[in-house]
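Notes follow once the structure below has been shown.
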Amino acid sequence: MASHRPLWRTSITTFEPNVIRIRGYAIEEIIDKLSFGDVFYLLVKGEVPRRNEGKLVEAILVSCCDHGFLAPSVNAARFAASSGVPLPQAVAAGLLAIGKYHGGAIEDCAFLLKTIAEAESPQEEARRIIRDKLSRGERIPGYGHPIHTADPRIGALLKKAQELGFAGSYVELAFSVEKILQEEAGKPIPINVDGVIAALILEMGFDPRMASAFFLISRTLGLVAHVYDCLLYTSDAADERSRV
């Protein structure tokens, strides 16, 4: 008789008839007591937040949810939707446009900050890395923005982090890097929202490899809205043509 045992083993979710447990907690308890941000933390970290991590996770997700037509993912999703592709596939087209140059800076910056923080002399390591990257014409992930010189998301996130008790050593380090970058580049290249998010996820103890997940999950909501908006537009246009 063929075995029905699962191919993989996981401690994330267990289930049996009429019972679902996520990280050992009954789904009924999770629905009743935890927010989406709490569940994000629970699923990834394996434990219920002990502080205000869930609230900060949600603030980060809100900050990344959409940025208009500037984003390649939005253009990809809307182009797909405009050709008659259903909502799930159109959103997937947008998600496939997320990569190193769109959505990847959070992860790159998180690795950068962690590397600097773990160095024997963080300030010297930061200056060495920045000089090396600038000499090769490379950008410093998490710094600079093509549109914003004072991104409104940054102040709001930092205020929330301070209120929740997460504006710690990584946030301080991120702004030290900003200062060193300005000195080495000879011009201001301010920290952007990706850099702030990178610092905040490290403050919460997340692995830098999880950084892109914040952008991915957040931007999915924006893509859903854009695809739906496009579907409404194409539907209205079709109705208008039918009346001609």
Handout entry: Other residues, nucleotides, ligands: >12 heavy atoms within 6.0 Å of Arg51 CZ
Key = yes

Fill in the blank from the handout: Rounding to 0.5 Å, atoms CD (Glu184) and CD1 (Ile180) come to a distance of 8.0 Å

Handout entry: Whether Glu107 side chain and Ala211 backbone form a donor-acceptor pair below 3.5 Å
Key = no

Exercise for the section: Find out whether Phe40 and Glu58 are in side-chain contact, i.e. whether some heavy atom of one side chain is under 4.5 Å from a heavy atom of the other. Expected result: no

Practice task
Following the transitive rule for hydrophobic clusters with a side-chain heavy-atom cut-off under 4.5 Å over Ile, Leu, Val, Met, Phe, Trp and Tyr, establish whether Leu216 and Tyr41 coincide in one cluster.
Solution key: yes

Problem - Cationic N near anionic O, under 4.0 Å, Arg50 to Glu47 - result: yes

Handout entry: Separation of Phe214 CZ from Ile201 CD1 (nearest 0.5 Å)
Key = 5.5 Å

Handout entry: Residue pair Cys65 / Arg219, side-chain heavy-atom distance below 4.5 Å
Key = no

Practice task
Say whether, by atom type as modelled, one donor and one acceptor occur between the side chain of Asp194 and the main chain of Ala105 under 3.5 angstrom.
Solution key: no

Handout entry: Pairwise distance CG(Leu164) to CD(Glu53) - rounded to 0.5 angstrom
Key = 9.5 Å

Handout entry: Separation between CG of Leu95 and OG of Ser73, rounded to the nearest 0.5 Å
Key = 7.5 Å

Handout entry: Ile22 CD1 to Ile30 CD1 distance, which is reported to the nearest 0.5 Å
Key = 4.5 Å

Exercise for the section: Decide if atom CZ of Phe111 counts as having more than 12 heavy atoms of other residues, nucleotides or ligands within a radius under 6.0 Å. Expected result: yes

Handout entry: Salt-bridge contact Asp38-Lys33 (side-chain N to carboxylate O under 4.0 Å)
Key = no

Exercise for the section: Check whether any side-chain heavy atom of Leu112 lies under 4.5 Å from a side-chain heavy atom of Asp108, and answer yes or no. Expected result: no

Practice task
Group every Ile, Leu, Val, Met, Phe, Trp and Tyr by side-chain heavy-atom contacts under 4.5 Å, then state whether Val39 and Ile20 land in the same group.
Solution key: yes

Handout entry: Side-chain heavy atoms of Phe166 within contact of Lys160, under 4.5 Å
Key = no

Problem - Check: Ser218 side chain, Leu61 main-chain N or O, donor-acceptor pair, under 3.5 Å - result: yes

Practice task
Indicate yes or no for a side-chain donor-acceptor contact from Glu203 to the backbone of Val171 under 3.5 Å, with no hydrogens or angles considered.
Solution key: yes

Practice task
Locate the shortest heavy-atom distance separating Ser63 from Ile197; write the atom from each residue and the value.
Solution key: OG-CD1, 3.7 Å

Exercise for the section: Say whether Val62 and Leu34 are linked into one hydrophobic cluster, either directly or through other cluster members, by side-chain heavy-atom distances under 4.5 angstrom. Expected result: no

Exercise for the section: Verify the cluster assignment for Val48 and Val44: are they in a single hydrophobic cluster under the rule of side-chain heavy atoms below 4.5 Å apart? Expected result: no

Exercise for the section: State, to 0.1 Å, how close His102 and Phe215 come at their nearest heavy-atom pair, and which atoms those are. Expected result: CE1-CZ, 3.6 Å

Handout entry: Side chain proximity check, Tyr170 to Lys114, heavy atoms < 4.5 angstrom
Key = yes

Practice task
Give the intermediate values and the outcome of side-chain contact (heavy atoms from CB on, under 4.5 Å) for residues Phe206 and Val57.
Solution key: CA-CA 11 Å; Phe206 282 102; Val57 166; 4.3 Å; yes

Fill in the blank from the handout: Closest non-hydrogen contact found for Ala161 with Leu200 is CB-CD2, 3.6 Å

Handout entry: Single-linkage hydrophobic cluster Leu134~Ile116, side-chain heavy atoms < 4.5 angstrom
Key = yes

Handout entry: Sidechain N-carboxylate O distance under 4.0 Å for Arg136, Asp132
Key = yes

Exercise for the section: Specify the closest pair of heavy atoms between Val85 and Ala90, including all atoms of both residues, with the distance to one decimal. Expected result: CG1-N, 3.5 Å

Handout entry: Gln89 CD: over 12 foreign heavy atoms closer than 6.0 Å
Key = yes

Problem - Arg21-Thr13 side chain donor-acceptor pair, cut-off 3.5 Å - result: no

Problem - Arg23 vs Ile12 side-chain heavy atoms within contact, under 4.5 Å - result: yes

Practice task
Heavy atoms only: give me the nearest Ala76-Gly94 pair and the separation to one decimal.
Solution key: CB-CA, 4.2 Å

Handout entry: Polar side-chain atom of Asn52 near backbone of Lys55 as donor-acceptor pair, under 3.5 Å
Key = no

Exercise for the section: Determine whether Glu125 and Ile129 make a side-chain contact, defined as any pair of heavy atoms from C-beta on separated by less than 4.5 Å. Expected result: yes

Handout entry: Gly205 backbone acceptor or donor facing Lys45 side chain under 3.5 Å
Key = yes

Exercise for the section: Enter the distance from Glu178:CD to Ser176:OG here, rounded to the nearest 0.5 Å. Expected result: 9.5 Å

Practice task
Identify the heavy atoms of Pro208 and Leu202 that sit nearest to each other, and give their distance.
Solution key: CG-CD2, 4.0 Å

Practice task
Show your reasoning for whether side-chain contact (heavy atoms from CB on, under 4.5 Å) applies to Asp151 and Ile191.
Solution key: CA-CA 9 Å; Asp151 191 326; Ile191 191 170; over 6 Å; no

Exercise for the section: Quick one: do Leu113 and Cys109 satisfy side-chain contact (heavy atoms from CB on, under 4.5 Å)? Show the steps, please. Expected result: CA-CA 6 Å; Leu113 293 176; Cys109 186; 4.0 Å; yes

Exercise for the section: Give a yes or no on this: more than 12 heavy atoms of other residues, nucleotides or ligands lie within 6.0 Å of atom CD of Glu163. Expected result: yes

Problem - 4.5 Å side-chain heavy-atom contact, Asp66 and His226 - result: yes

